Amino acid sequence: MPELPEVETIKRDLSILIGRPLKAIIVYDEAYLEKNEITPKELKKLEGQRLLHLSRKGKYLFLHFSQHIFGFHLGLTGSLILVPEENPLDKFKHKVLSLHFLEMSLLFSDMRKFGRLFLFDEEKSFKDFLISIGQDALEIEFSEFKEALRSIRKPIKSALLDQKVISGIGNIYADEILFRADINPLRPARSLSDEELQKLYQTMKEVLHLAISLRGSTIKDYVDGLGGAGMFQTKHLVYQKYGMPCPRCGTTLEKIKVAGRTTSYCPQCQR
DNA sequence: TTCAGCCTGTCG
DNA sequence: CGACAGGCTGAA
């Protein structure tokens with residue numbers, strides 16, 4: 001899915017919508033709404049409201065309207081694409097819904113249907129929801145980062161992927177960050193020294209910022225808010241490169257499973 | 001803490 | 001045909 005850098009890229013692309021009134025909503029997949037416990041009627045309430053601002057926490061993106069907050073989690077294949085002129089017959093596959101703003105439409109599609117939608121009508125429930133998500137990987141302070149990992153016995157990669165610990169990192173960035181920080185993905189999180197934690201923290205921020213500057217990673221399905229591809233995949237050093245030589249030492253990159261996810265790492269460089 | 005299950009598509 | 005894919009959840 002879109003991980004933090006991809007969601008941040010989409011958020012920036014959508015900022016052109018800020019200030020515009022939402023003229024209409026068209027729902028193409030009612031079952032998708034139902035699964036997310038949103039009725040078409042509730043959603044209709046958004047019509048006429050103005051988009052005030054956008055926000056993101058981890059992999060969640062929120063559209064703040066005058067009276068409601070509409071949240072998206074893109075799962076593995078969700079996309080939010082801005083099109084200048086709405087064309088109900090367009091070729092987007094797996095369309096879920098479209099939001100028609102003044103002179104622009106936003107299309108939400110989701111092939112695998114792992115994405116989720118959230119509709120909040122009060123500030124309190126929204127705040128409670130935010131609290132349930134771990135601190136954003138770009139916002140978290142070192143002291144919190146250290147504190148959060150100190151008590152975790154499971155592998156460091158599992159901890160990085162746990163959105164309740166830190167939010168925003170997925171399988172691509174976990175592998176890329178751990179390689180660049182020279183840390184073995186299987187190390188119990190609590191076994192990392194202060195020095196290693198410091199390096200991991202720094203590396204995490206650097207990799208995420210660099211990925212955002214390159215508009216995210218496009219492996220297969222991800223597209224930004226304008227329907228374009230990201231470029232960070234050209235900088236991947238280990239993600240899905242098992243069997244190939246380590247770019248630093250030449251040792252063959254190994255493939256293992258961590259937290260149920262395929263993991264690629266260098267057994268020589270990552271200790 | 002792990003792991004099937006949720007979905008659809010693609011590749012070997 | 002099976003295996004696998006940027007993720008999360010709930011049950012064991």
Side-chain angles (χ1 to χ4, degrees), chain A residues 1-11 28-37 56-61 71-80 92-96 108-118 129 132-134 136-137 149 151-179 185-191 204 207-208 210-212 214-225 228-243 255-264:
Chain A
M1 120 165 176
E3 304 181 28
L4 186 153
E6 290 76 29
V7 179
E8 178 63 23
T9 299
I10 291 171
K11 176 185 169 230
Y28 297 100
D29 186 346
E30 301 225 355
Y32 196 104
L33 282 193
E34 200 173 325
K35 184 167 53 104
N36 286 280
E37 297 172 345
R56 180 190 63 72
K57 184 170 185 184
K59 305 173 189 173
Y60 294 84
L61 179 64
F72 294 81
H73 186 296
L74 303 178
L76 285 167
T77 56
S79 66
L80 279 168
F92 288 95
K93 220 55 194 139
H94 308 289
K95 267 201 296 193
V96 177
F108 174 58
S109 311
D110 186 1
M111 183 176 76
R112 288 179 67 184
K113 303 180 184 181
F114 284 177
R116 286 163 58 202
L117 299 172
F118 307 85
F129 181 71
S132 73
I133 308 169
D136 183 84
L149 296 177
S151 58
I152 299 176
R153 299 166 181 276
K154 61 186 181 182
I156 182 62
K157 176 166 175 179
S158 302
L160 291 179
L161 290 174
D162 186 341
Q163 307 298 302
K164 288 186 168 53
V165 176
I166 309 163
S167 65
I169 297 173
N171 206 28
I172 293 178
Y173 295 99
D175 276 9
E176 292 299 318
I177 290 166
L178 288 168
F179 174 73
L186 289 172
R187 288 270 303 282
R190 59 186 289 178
S191 75
M204 172 178 81
V207 169
L208 295 175
L210 180 61
I212 290 170
L214 292 176
R215 307 184 60 77
S217 301
T218 295
I219 302 297
K220 194 172 182 311
D221 302 305
Y222 165 72
V223 287
D224 61 30
M231 284 300 291
F232 188 71
Q233 69 281 5
T234 65
K235 306 288 182 190
H236 290 178
L237 299 178
V238 293
Y239 174 69
Q240 283 201 333
K241 295 192 189 290
Y242 49 83
K255 174 187 184 177
I256 55 172
K257 285 267 185 204
V258 183
R261 317 296 300 279
T262 296
T263 299
S264 188

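Reminder, nothing fancy here: chain letters follow the sequence lines and each chain counts from 1. Just so it is clear, the structure is predicted and the values come from calculations on it, not from any experiment.
In this structure the side chain of Phe108(A) reaches within 4.5 angstrom of the side chain of Leu74(A), judged on heavy atoms.
Applying side chain to side chain donor-acceptor pair (under 3.5 Å) to Asn171(A) and the options Glu3(A), Gln240(A), Lys157(A) leaves one that passes, Lys157(A).
Checking the phosphate oxygens (OP1, OP2) of dA5(C), a side-chain nitrogen or oxygen of Thr262(A) falls inside 4.0 Å. Between Arg116(A) and dT9(C) there is a side-chain polar atom (N or O) within less than 4.0 angstrom of OP1 or OP2.
Spacing between atom NZ of Lys35(A) and atom P of dT9(C) amounts to 12 Å, rounded to whole angstrom units. Spacing between atom OH of Tyr222(A) and atom C1' of dT8(B) amounts to 21 Å, rounded to whole angstrom units. Computed from coordinates, the Asp162(A) CG to dC8(C) P distance equals 9 Å when rounded to whole Å. Between the CG atom of Asp110(A) and the P atom of dC6(B) there is a distance of 16 Å, rounded to whole Å. In this entry the distance linking NZ of Lys164(A) with P of dC8(C) reads 9 Å, nearest Å. The separation between Arg112(A) atom CZ and dT10(B) atom C1' is 11 Å, rounded to whole Å. Taking atom CG on Asn171(A) and atom C1' on dA5(C), their separation rounds to 10 Å, with Å as the unit. Distance Ile152(A) CD1 to dT1(B) C1': 12 Å, rounded to the nearest Å.
Nearest-nucleotide positions on DNA chain B for Lys220(A) and Phe114(A) put Phe114(A) closer to the 5' end. DNA chain B is contacted by both Pro155(A) and Met111(A); Pro155(A) maps to the nucleotide lying nearer its 5′ end (nearest heavy atom per residue).
When both pairing distances are held under 3.5 Å, dT1(B) makes a Watson-Crick or G-U pair with dA12(C).
Side chain to side chain, Tyr173(A) and Glu6(A) meet the donor-acceptor criterion of an N or O pair below 3.5 Å.
Aromatic ring centres of Phe232(A) and Tyr222(A) lie farther apart than the 6.0 Å criterion allows.
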